[in-house]
Enquirer: 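So that we are looking at the same thing, I have put the structure below in structure tokens.
The first residue in the sequence is number 1, and the count goes up from there.
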Amino acid sequence: MTLSPLNKRRLDNFKSNKRGWYSFLIFTLLFLASIFADFLANEKPLLIKYENQIYLPIINKYAETTFGGDFETEADYRDPYVKNLINNNGWMIWPIIPYSYDTIIRDLAVPAPAPPSKKNWLGTDDQARDVLARLIYGFRISILFGFTLTFFSMLIGVSAGAIQGYFGGKIDLFFQRFMEIWSAIPTLYVLIILASIVQPNFWWLLAILLLFSWMGYVGVVRAEFLRARNLDYVRAARALGVSNYKIMFRHLLPNATVATITFLPFSLSASVTALSGLDFLGFGLPPGSASLGEMVNQGRNNLQAPWLGLTSFFTLGLMLGLLVFVGEAIRDALDPRKTFV
């Protein structure tokens with residue numbers, strides 16, 4: 001696909017910002033690695049060859065009897081008995097980290113939380129779970145939550161801002177008063193109340209935060225539509241009988257896209273911070289879930305195990321720092337006054 005001269009200039013501007021460009025590359029690599037967390041950290045082997053048959057435990061479930069065991073339940077591949085059965089008639093290939101985020105390690109040399117070692121590169125938490133495995137899974141769920149919340153917030157906020165700005169009048173006045181009232185509702189109190197009624201999960205948290213997060217996009221889109229709705233080309237389109245929908249989303253929305261895209265990385269970092277904060281306070285994901293906020297809470301509760309607090313601190317700092325640098329680079333790339341070097 002050939003880029004237009006304008007988009008080529010923007011891409012060159014983005015790449016010329018070395019801090020933002022390298023931050024984008026690092027963040028992309030980390031995110032792609034976390035997407036394949038099941039293949040990097042898992043308590044199941046990646047591949048098993050048993051009696052000349054190939055098995056993929058990481059994808060399919062196999063009963064213990066498949067490997068000559070006694071039970072019809074799923075095989076526990078960390079059980080020495082099952083290991084011997086397989087190794088005597090084949091072999092297994094394990095992930096780099098042979099633990100999942102919820103694996104309880106029962107053969108620690110010291111009481112949990114255990115310090116970093118050759119088996120557990122970042123140590124374990126106070127429930128004897130591998131910190132690195134939880135970090136990889138927690139990074140993935142935080143970014144996926146942030147992307148999902150940012151996408152739907154943008155969809156609702158841009159649509160609301162476009163309707164307000166284009167039609168104006170009573171519609172704009174009503175929406176503005178509604179937003180003033182709606183934004184006054186304390187999100188944390190709503191979460192506390194709902195947490196006492198239902199068990200929060202990924203989708204519950206997403207829905208609740210989405211109720212309030214979309215308002216951040218309304219202002220910039222509304223302002224752009226208010227500015228452009230009376231320009232000559234919009235009046236000409238109306239005179240030619242072009243529908244309001246086409247004028248809004250084909251002619252006016254592209255002008256508001258620049259401000260919206262610039263806002264996205266900062267909105268993503270805010271979404272990640274919101275989920276981590278709720279997990280830290282105990283109103284986030286269900287107990288036992290891989291969560292960066294829960295890791296921060298572990299660090300606070302176990303000051304004698306500094307690796308817990310330092311791991312979560314540096315992970316969140318790195319993630320948010322990369323997103324901010326990418327956001328700054330996108331802002332500069334979309335600025336028409338900037339030229340690449």
Side-chain angles (χ1 to χ4, degrees), residues 27 30-31 34-35 37-38 41 99-104 112-113 122 124-154 156 182-183 185-216 265-303 305 307-323:
F27 178 81
L30 293 175
F31 177 61
S34 70
I35 288 295
D38 295 298
Y99 310 106
S100 186
Y101 68 91
D102 57 352
T103 303
I104 305 298
L122 293 179
T124 69
D125 61 11
D126 58 8
Q127 298 182 42
R129 299 171 299 191
D130 187 76
V131 172
L132 182 56
R134 292 185 63 79
L135 177 65
I136 297 173
Y137 282 88
F139 188 93
R140 179 176 69 176
I141 197 170
S142 295
I143 297 300
L144 290 177
F145 182 90
F147 275 133
T148 308
L149 180 59
T150 300
F151 172 77
F152 286 107
S153 298
M154 180 186 67
I156 297 173
W182 194 249
S183 62
I185 300 176
T187 309
L188 182 58
Y189 288 167
V190 173
L191 285 165
I192 293 174
I193 294 171
L194 291 176
S196 64
I197 301 174
V198 297
Q199 175 66 55
N201 56 37
F202 183 96
W203 299 109
W204 263 105
L205 293 174
L206 182 67
I208 295 170
L209 292 176
L210 183 60
L211 292 175
F212 304 94
S213 61
W214 60 270
M215 291 184 288
F266 303 104
S267 177
L268 176 59
S269 61
S271 301
V272 172
T273 303
L275 178 64
S276 300
L278 291 173
D279 287 331
F280 175 77
L281 295 173
F283 301 111
L285 297 171
S289 301
S291 162
L292 297 180
E294 193 267 346
M295 291 179 64
V296 175
N297 194 34
Q298 286 259 355
R300 183 197 64 175
N301 295 334
N302 298 277
L303 297 179
W307 58 89
L308 296 176
L310 291 174
T311 299
S312 54
F313 171 78
F314 282 113
T315 301
L316 283 171
L318 176 64
M319 182 195 307
L320 299 179
L322 292 175
L323 289 174

Enquirer: Looking only at heavy atoms, what is the nearest atom pair of Phe283 and Leu205, with distance?
Expert: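 Smallest heavy-atom distance, with atoms named: O-CD2, 3.5 Å.
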Enquirer: Are side-chain heavy atoms of Phe27 and Ile143 found at a separation under 4.5 Å?
Expert: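 Yes - at least one pair of side-chain heavy atoms lies under 4.5 Å apart.
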Enquirer: Who pairs with Asp126 by side chain to side chain donor-acceptor pair (under 3.5 Å), at least two apart in sequence or on another chain?
Expert: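 In terms of side chain to side chain donor-acceptor pair (under 3.5 Å), with neighbours along the sequence ignored, Asp126 is linked to Gln298, Asn302.
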Enquirer: In Å and rounded to the nearest 0.5 Å, what is the CZ to CG distance from Phe145 to Leu285?
Expert: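 Nearest 0.5 Å value for the CZ-CG distance: 7.5 Å.
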Enquirer: Would one find more than 12 heavy atoms of other residues, nucleotides or ligands at under 6.0 Å from atom CZ of Phe31?
Expert: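 Buried by this count: over 12 neighbours within 6.0 Å.
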Enquirer: Measure across Ala290 and Ile141 and return the closest heavy-atom pair with its distance rounded to 0.1 Å.
Expert: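 Minimum heavy-atom contact is O-CG2, 3.3 Å.
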Enquirer: Minimum heavy-atom separation for Leu268 and Thr150, please, with both atom names.
Expert: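 Shortest heavy-atom separation between Leu268 and Thr150 comes out as CA-OG1, 3.4 Å.
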Enquirer: Show the nearest heavy-atom pair for residues Ala112 and Asp125, with the distance to one decimal.
Expert: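 For Ala112 and Asp125, the tightest heavy-atom pair comes out as CB-O, 3.5 Å.
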Enquirer: Could you name each residue pair satisfying salt bridge (Lys or Arg N to Asp or Glu O under 4.0 Å) that touches residues 284-303, not counting sequence neighbours?
Expert: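 For residues 284-303: Arg129-Glu294, Arg134-Glu294.
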Enquirer: Without swapping roles, check the side chain of Trp182 against the backbone of Leu211 for a donor-acceptor pair under 3.5 Å.
Expert: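 Yes: the side chain of Trp182 pairs with the backbone of Leu211.
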Enquirer: Working to the nearest 0.5 angstrom, can you tell me the gap between Leu132 CG and Thr311 OG1?
Expert: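 Answer for the CG-OG1 pair, Leu132 versus Thr311, is 8.5 Å.
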Enquirer: For a quick test of reading the model, state the closest non-hydrogen atom pair linking Gly146 to Val272 and the distance between them.
Expert: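 Gly146 and Val272 have their closest heavy atoms at CA-CG2, 4.4 Å.
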Enquirer: Considering only heavy atoms from C-beta outward, does the side chain of Leu303 approach that of Leu308 to under 4.5 Å?
Expert: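 No, their side chains stay 4.5 Å or more apart.
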Enquirer: May I ask you to test the Ser276-Leu316 pair for a side-chain heavy-atom distance under 4.5 Å?
Expert: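 Yes, their side chains come closer than 4.5 Å.
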Enquirer: What is the minimum heavy-atom distance between Thr148 and Phe202, and which atoms define it?
Expert: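 Between these two residues, the closest heavy atoms are OG1-CZ, 4.5 Å.
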Enquirer: Any chance you could measure Leu210, atom CG, to Ser271, atom OG, to the nearest 0.5 Å?
Expert: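 Separation between the atoms: 9.5 Å.
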Enquirer: Excluding sequence neighbours, so at least two apart, what forms side-chain contact (heavy atoms from CB on, under 4.5 Å) with Ala274?
Expert: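 If we apply the side-chain contact (heavy atoms from CB on, under 4.5 Å) test to Ala274, skipping adjacent residues, the hits are Leu209.
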Enquirer: Nearest 0.5 Å, please: how far is OH in Tyr189 from CD1 in Ile185?
Expert: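 Answer rounded to 0.5 Å: 13.5 Å.
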Enquirer: If only atom types and distance count, is the side chain of Ser269 paired as donor or acceptor with the main-chain N or O of Phe266 below 3.5 Å?
Expert: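 Yes: the side chain of Ser269 pairs with the backbone of Phe266.
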Enquirer: Could you tell me whether the side chain of Thr315 and the main chain of Ser312 form a donor-acceptor pair under 3.5 Å?
Expert: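 No; judged by distance alone, with no hydrogens or angles, the pair does not exist.
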Enquirer: Measure the OG-CE distance between Ser34 and Met319 for me, rounded to the nearest 0.5 Å.
Expert: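 It is 8.5 Å, given to the nearest 0.5 Å.
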Enquirer: Return the CD1 to OG distance between Ile208 and Ser213, rounded to the nearest 0.5 Å.
Expert: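 It comes to 12.0 Å.
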Enquirer: For Ala41, does its backbone N or O pair with a side-chain atom of Tyr137 as donor and acceptor, under 3.5 Å?
Expert: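 Checking the backbone N and O of Ala41 against the side chain of Tyr137, a donor-acceptor pair under 3.5 Å is found.
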Enquirer: Donor-acceptor pair, distance only, cut-off 3.5 Å: does the side chain of Ser289 make one with the backbone of Pro286?
Expert: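 Yes, the answer is positive, given that a donor and an acceptor are paired below the 3.5 Å cut-off.
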Enquirer: Side chains of Leu292 and Asp279: closer than 4.5 Å at any heavy-atom pair?
Expert: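 In short, these two side chains do not touch, never coming nearer than 4.5 Å.
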